[in-house]
Amino acid sequence: MTTAPTPVPTPAAVDTNGGGGTPGTATPATPAAPTAIRRRRGGRAWLGALPLLVFFAIGFGLPAVAIAIGAFTTSSDAPGGGGHFTMANLSDSLQGAYLTALLGSVKLSALTALIGTAIGLPLAQAVATSRFKFVRETVLAGSGVLANFGGVPLAFMFVATLGNAGEVTTSLGLKDYGWSLYTFNGLAVVYLYFLIPLMILTITPALEGLRVQWREAAYNNGATVFQYWRHVALPVLLPSLLGGYVLLFGASFAAYATAEAMVGSSIPLISMQIGDALSGNVLVGQGNLALALGLDMIVVACLVMAIYLPLQRRSAKWLSS
Amino acid sequence: MTVHRARAAAAAAVLTAAAFSLTACGSAGSSSATTAGGKNITTATSAADLGGMDALVAAAKKEGNLHVITLPRDWANYGTLMDNFTKKYGIKIEDENPDGSSQDEINAITSRKGQDRGPDVVDVGTAFAISGAQQGLFAPYKVAGYDSIPATMKAADATSYNDYGGYVSIGCNAKKVAVCPQTFADLMKPDYKGMVALNGNPTKANAALNAVWAASVANGGGLDNIQPGIDFFGKLKAAGNFNPVEATSATVESGETPITIDWSYLNTGYTSKLAPKGIDWKVAIPSDGIWANFYNQAISKYAPHPAAARLWEEYLYSAEGQNGFLGGFATPAEFDAMKSANTLDAALAAKVPAPAKPFTTFPTQAQQDTAKAAVTANWAKAIGG
């Protein structure tokens, strides 16, 4: 594509520019292309992304704006009537029980995502380097199912086996050892049940992108296994690992039904506070407070993404070629 | 490039179609809300306004359907009440989202104004009855027995009125628990490790909020002060006795919640339901924390079946309907009036668990607001972790 600059770009050229999302590779690869053509090509590539952008605007933009507006106005069913500007929702959402719940959610998500990453990586490496194709395909297919296994069915599965009247709990007498599913640790175990498969699914393509030649080159130069991982594999994998971590964090942060069905109010989580505010028998006029809590969640998610994106951009080129 | 333009056009077409179908959903339902005699049903505030019960029944039968929301079949005998109503008048009942909450009911009214799938009637907690009336969501209507509902149990403008209530009670699985607790103080005993469950989260579930209030009464609090109740559950948690599972008939049956603090009519209902399954469920109304509360009936102003909605209210407040609540071990609003009029089913009344002394003073709106604020602020602190 660099040798013969054509006025109308081929579909392939559009793809590398618009679909790849890797700014580090596209621009330096075409230093000879006239700027006018580049600009035109950019314009058309943008057109190709139009359906996505429209979808994004409707599916994410509109709700985000609605949340932001709602978070700063009073609820229509609040005692004083609705629609007035207020900071009360947002300040309430960052105080007392709501702040505890926000911090509880961040703590649970950060911890489970970390454990999920630490366990998922070696498992995925074992699977990716396995000589048996059957094992690899089975594990990956299984991971695909388990990664999407959440909500009330998952909670019931654990309640039936490890709950306080569960089969395993009663037959092994786990209660005498202080086991309780309905605690922070219990919830973390349940979350890992779908987070680890999610990590395996996410990281396996990156592990498969690690060239055998790199490892051979390292060993030929006298590197140990540890040195190879420390200086070659992990730095290359870092963005994918971080990406996986962010995904796990998000999955854990947004989980609602599992925790709601399992631990109720005993573990403070922001998603459950939103549920309580939106749908309850007790508190009236909390709808816009729920929106403020949602806004807090968006901010946290954006902060996590902000840490991840620059790192991802830095070394994504190693794996994309 | 043409591909992209076509794609964009297709996307635009799909979105437009989606937008049209959404607006189509919003179109109004029935418009002929009048009786055979030409009376407007939606503004009728009594059966007499429509020309008597017969006219109301005829209009309701013409509508053919009643859309209720969040009525669990095993709650205060609602399953039987709905079946008998259908049998009596031939009106089909759709019960939407049986496990929903009062807020869900109010949301359903506000978000489906003018649609034929909006709820006709609601059964809500007192705070939602007041807030819904303030927002003008309810149609005022006086049932035939309106005067026999005590004045403290109905809104002055007849937008809502108490339907049934009960006491906070302690249910207990006698097969799993050697000695069943009789009072809140008993619950602290080390025998009940990990056993004591609530109906839900008190910032969300009315039954749980009232359980906290009852515990407050047992620990020196009262109408003005719910904090001792929150502290009680904090201590219960610290002692290892609190069970965070939200009690339902399923958890009671599976043995996950061997001791549950819940409405007396729910706990008593479990007794007869679980006896055939070999579970000996015992109910005690704690003498140190006597606390009762009522739910409220209201007709949606935007009811798609306005005559059926009014007929349902007439049915619930007839002797049959009120005795129906009694059959579900709940105390109906017209209990005293029916007792003196001799229409109360004495055999059923005898089965309703009675407290050591009756509870007669219900919290005011201000007291409720204070209590809810305290629970919202401090519950997670007491129970969390």
Side-chain angles (χ1 to χ4, degrees), chain A residues 8-9 11 14 44-52 54-55 58 76-79 81-82 92 95-98 100-101 104 156 159-160 163-166 170 175 178 180-184 260-269 272-273 275-287, chain B residues 1 3-5 7-8 10-12 15 100-104 106-107 110 124-125 127-128 130-132 134-135 137 176 193-195 197-198 200-209 237 240 242-246 251 254-258 368-369 372 375-381 383-385:
Chain A
V8 180
V14 173
R44 283 176 190 156
W46 179 84
L47 196 66
L50 191 63
L52 178 71
V54 170
F55 178 78
I58 292 173
S76 62
D77 50 357
D92 282 354
Q95 278 175 27
Y98 296 113
T100 314
F156 274 135
V159 165
N164 62 14
T170 43
K175 259 191 199 167
S180 171
L181 182 66
Y182 314 112
T183 58
F184 183 90
E260 175 74 19
M262 224 180 73
V263 296
S265 60
S266 61
I267 310 293
L269 293 179
M272 286 198 281
Q273 293 281 7
D276 292 359
L278 283 179
S279 156
N281 276 313
V282 173
L283 301 167
V284 180
Q286 302 288 305
Chain B
M1 195 197 130
V3 173
H4 298 135
R5 201 170 275 168
R7 217 180 268 166
L15 288 170
S101 65
S102 293
Q103 182 73 59
D104 293 337
I106 298 296
N107 291 350
T110 51
V124 290
F128 290 88
I130 294 170
S131 145
Q134 278 168 354
Q135 292 177 69
L137 299 176
K176 290 208 163 198
K193 207 142 252 56
M195 286 185 178
L198 282 173
N201 174 354
T203 61
K204 188 175 181 186
N206 209 13
L209 175 75
K237 162 98 181 177
F242 184 73
N243 179 348
V245 177
E246 298 183 357
T251 64
S254 74
E256 265 196 281
T257 54
Q368 290 197 42
D369 289 345
K372 286 170 189 174
V375 166
T376 309
N378 299 328
W379 180 254
K381 232 180 284 168
I383 282 302

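In what follows, chains are A, B, ... by sequence order, proteins preceding strands, each numbered from 1.
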Ignoring hydrogens, what is the shortest heavy-atom contact between A/Ala97 and B/Ala377? Give both atom names and the distance. CB-O, 4.0 Å
Looking only at heavy atoms and a cut-off of under 4.5 Å, which of B/Ala205, B/Gly240, B/Ala207 has the most pairs with chain A? B/Ala205
Which region of B/Ala127, side chain (C-beta onward) or backbone (N, CA, C, O), has a non-hydrogen atom less than 4.5 Å from a non-hydrogen atom of chain A, or is it both or neither? both
Of the backbone (N, CA, C, O) and the side chain (C-beta and beyond), which part of B/Asn243 lies under 4.5 Å from a heavy atom of chain A, both, or neither? side chain
Pick one of side chain, backbone, both or neither for A/Leu181, based on which atoms fall under 4.5 Å of a heavy atom in chain B. neither
In terms of heavy-atom proximity below 4.5 Å to chain B, should A/Ser279 be classed as side chain, backbone, both, or neither? both
Those residues that, when tested against A/Val282, pass side-chain contact (heavy atoms from CB on, under 4.5 Å) (two or more places apart): B/Asn206, B/Leu209, B/Lys372
Partners of B/Thr251 by side-chain contact (heavy atoms from CB on, under 4.5 Å), sequence neighbours excluded? B/Val245, B/Ala247, B/Thr248, B/Glu256, B/Thr257
Contact leader toward chain B among A/Glu260, A/Gln95, A/Met262, where contacts are heavy-atom pairs under 4.5 Å: A/Glu260
Nearest 0.5 Å please: distance from the OG1 atom of B/Thr376 over to the CG atom of A/Asp276. 9.0 Å
